[in-house]
Amino acid sequence: MIIKEQISKFFFPNQLNIQKEQELYQKAIDIRNYKNYVSKEIHSDILNSSHLSKFDFIKKFSTLEVENLSGKDKEWAVVEVMSTYRNEFSRIKSLLKFDVFDKVTYTYYKRNTPKHKRGDVLSRKIKHKSTPLSKTLSFLSRYASEGIISYVRNKKDFQDENVKMFYKTMNEHIEKYGEERLLQIAISKRNRILNSIRLHNFNSLSFKSQTRIQNNIYGDNKNKKSILDGFITVGGYKNYKKGLNIPIKLSNKYHGKNKSYSKTYIVQYDSFNKLKRIIITKEVEKELPEGNNSYIGVDLNIKNNLFTTSDGDTIDYDRNLMGGYVKFLGKLDNRKSKSLSKKRTKKYEFWQTRIQNHIIEKTVGLIKLIKSKEGNHIILEDLDLISSLKSKNLDFNINNGRLIRLLNLSSIKHRIRRIAHRYGMNVSFVQSEYTSQCCPLCGNIDSNNRKTQEDFICTSCGHSLNADHNSAINIRNRVLADVLRDKLLSFDGVEWNCKDNLGHEKVKNIIFDFFNDQEGYDLERFENS
């Protein structure tokens, strides 16, 4: 099967004159100032901004006339700012709720236990539920403004019975508790949440834009006697009506003979505000083999091993290397001055490049390991590693969220997919729900199955295994088992992806039904694998 894929290529300026460099620099300054302006506008009205779509943002801000900036310059700047606030928008929507704690269960040691164990919590179960009153307060916290109560009371045109009942219930609560009291509670919570949202400032000069010139963005230098290989031509510069030509170095081995690049480009500056490189993308066709069915599940984590396969193989990142990086960052955190010296900036960039190359090396190692085992189809969790995790990593004494950012693991699944495609291997994604809690033999799903981070012991059948190895087997079995695969995943002809709108409970019920269907479940098959 032929697929089309976007790949990015780096182009390094070669003998760029001062005038052209100054034009690019001024454009970068103007775009940075514009991004900071948009950021302040979004932050000043963060609640209403959280309801806007990408199109709404572009329509709202790109109409503003800014000297030296084209429409595409402003459009890409707005999209970048909106992307930085995406997590805040999600946080606002999730926190503007008045859920009720349904049940909190604590289990303690008895009083006759030793003092060092007394009072330790063995289990804690919290269930959240919504009540009619909590739904009313949630509605008011999101939409409360002048006249909202009158709007709720006078709302008459209902086409949906559930909506009609919701507004009726709201009116009953307003009459019972008083509109002033409910609004005070709702707005008080909203203000606490909105005041915790920080303003994003943009300091980097790097920017993304799109040229509107008719010619190709890349062109070879037709003067064979010239030392310049070619040019990248970008529009939107007032002193260069036909486009600004940036001379670049060219490598046919790296850039390839196909020069049909897209018109979107990225100009990158280093920490010293020096022009570093131009990045442009092109579409390439790749052939993925059909019928790749030698499946290998891979579990990704940062606490034990970086990768664990369903065959039990492990690949870890260099803990000593990471320890040295964390030690260096600790020195930066403890410095008195907030600004970095040139020496420290250079060393910081050195560490970042070293860590990035190390993770790429480990990812390639994973692909080669699977290929050596005659595997040709990798199964991964469709898991978004959260860089805001606050749990402590004991190996390096830093938050796991910061460790994820330092290792740049938030996009690692896409890197695995790109590299695997180069090796002619397929990559599919399955739901992450219950892969670490489910027993692959009996199907028992219980959080107590994972007694520790390292060990999995089923509370039902007693099956025991390394916890990461067990997760990798569950990941693989989501594709290996026909019934699970058909109900949980969608197929594009070559690879599987998660079906949309399958919540935790739906996934759990599908797994439960599968393991209770004795006709569709071959226990010996999974035990042997």
Side-chain angles (χ1 to χ4, degrees), residues 3 5 7 286-323 325 353-385 395 403-404 406-432 435-436 440 453-456 465-481 485 489 494-497 525-529:
I3 65 166
E5 198 170 65
I7 61 171
K286 291 187 177 180
E287 184 175 1
L288 288 182
E290 298 182 33
N292 273 3
N293 55 7
S294 180
Y295 305 117
I296 300 289
V298 177
D299 179 62
L300 169 66
N301 68 78
I302 57 173
K303 293 184 179 178
N304 298 321
N305 297 295
L306 182 61
F307 303 118
T308 303
T309 72
S310 52
D311 288 343
D313 298 307
T314 60
I315 292 179
D316 198 9
Y317 55 88
D318 189 331
R319 304 268 166 164
N320 292 329
L321 175 66
M322 195 63 206
Y325 185 30
T353 303
R354 191 177 179 188
I355 294 295
Q356 183 74 0
N357 291 338
H358 178 66
I359 295 301
I360 293 174
E361 177 188 338
K362 293 300 178 181
T363 304
V364 173
L366 170 70
I367 306 298
K368 290 183 176 180
L369 173 64
I370 292 174
K371 201 169 184 67
S372 69
K373 296 288 184 91
E374 298 185 353
N376 54 28
H377 202 134
I378 301 173
I379 315 300
L380 298 170
E381 289 178 293
D382 190 17
L383 180 65
D384 291 324
L385 292 174
D395 290 341
L403 183 59
I404 289 171
L406 296 180
L407 293 174
N408 195 22
L409 296 184
S410 57
S411 60
I412 195 168
K413 64 182 183 182
H414 303 296
R415 178 180 290 126
I416 293 173
R417 192 172 203 169
R418 286 197 303 271
I419 297 175
H421 286 173
R422 294 177 196 167
Y423 283 81
M425 301 169 66
N426 301 122
V427 178
S428 293
F429 294 99
V430 302
Q431 287 87 353
S432 60
T435 55
S436 62
Q453 184 65 32
E454 294 80 17
D455 300 317
F456 180 94
L465 196 64
N466 173 271
D468 298 329
H469 186 192
N470 185 80
S471 297
I473 291 174
N474 282 325
I475 292 168
R476 179 204 59 185
N477 289 353
R478 299 274 173 97
V479 172
L480 194 63
R485 185 177 65 219
L489 310 174
V494 176
E495 298 170 333
W496 281 273
N497 285 290
R525 177 186 180 191
F526 287 96
E527 284 180 329
N528 292 334
S529 56

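Note that the structure is predicted; figures quoted are calculated from it, not measured.
- In terms of heavy atoms, Ile475 sits closest to Val298 at CD1-O, 3.5 Å.
- Side-chain atoms of Ser471 come within 3.5 Å of backbone atoms of Ala467 as a donor-acceptor pair (strictly under, hydrogens ignored).
- Minimum heavy-atom separation, Ser428 to Trp496: OG-N, 2.8 Å.
- Taken to the nearest 0.5 Å, the CD atom of Glu374 stands 9.5 Å off from the CG atom of Asn376.
- Side chain of Asp316 to main chain of Asn305: no donor-acceptor pair is present (N/O by atom type, distance under 3.5 Å, no hydrogens or angles).
- A heavy-atom distance below 4.5 Å is not found between the side chains of Val364 and Leu366.
- Listed for the Arg485 side chain is a donor-acceptor partner under 3.5 Å among the backbone atoms of Val479.
- At a cut-off of 3.5 Å, with distance as the only test, no side-chain donor of Ser294 or His377 sits close to an acceptor on the other residue.
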Show, in sequence, the C-alpha distance, side-chain angles and deciding distance for Lys362 and Asp318, and conclude whether the salt bridge (charged side-chain N to carboxylate O under 4.0 Å, His left out) test is met.
CA-CA 9 Å; Lys362 293 300 178 181; Asp318 189 331; over 6 Å; no
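- Taking CG from Leu300 and CZ from Phe307, the interatomic distance works out to 6.0 Å, rounded to the nearest 0.5 Å.
- Atom CZ of Arg415 is separated from atom OG1 of Thr363 by 6.0 Å, given to the nearest 0.5 angstrom.
- Considering OG of Ser432 and CZ of Arg478, their distance stands at 8.5 Å, rounded to 0.5 Å.
- For Asp468 (side chain) and Ala472 (main-chain N/O), no donor-acceptor pair under 3.5 Å exists by modelled atom type.
- Classification of Arg417 and Glu495 as a salt-bridged pair holds, one side-chain N sitting under 4.0 Å from a carboxylate O.
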Kindly indicate, with the supporting measurements, whether the criterion side chain to side chain contact (heavy atoms under 4.5 Å, CB included) is fulfilled by Asn497 and Asp382.
CA-CA 8 Å; Asn497 285 290; Asp382 190 17; over 6 Å; no
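- Remark: side-chain polar atoms of Lys371 are paired, donor with acceptor, to backbone N or O of Tyr423 under 3.5 angstrom.
- No donor-acceptor pair under 3.5 Å is formed between the side chain of Ser310 and the backbone N or O of Ile473.
- With Asp313 contributing its side chain and Thr309 its backbone, the two residues share no donor-acceptor pair below 3.5 Å.
- Atoms CG and CZ, from Leu380 and Arg476 in turn, are 14.0 Å apart once rounded to the nearest 0.5 Å.
- Contact detail for Glu381 and Phe429: the closest heavy-atom pair is O-CD2, 3.9 Å.
- The minimum heavy-atom distance between Ile379 and Val430, with the atom names listed, is CG2-CG1, 3.6 Å.
- The shortest side-chain heavy-atom distance between Ile296 and Asp311 falls under the 4.5 Å cut-off.
- In this structure, CD1 on Ile378 lies 9.0 Å from CG on Asn426, to the nearest 0.5 angstrom.
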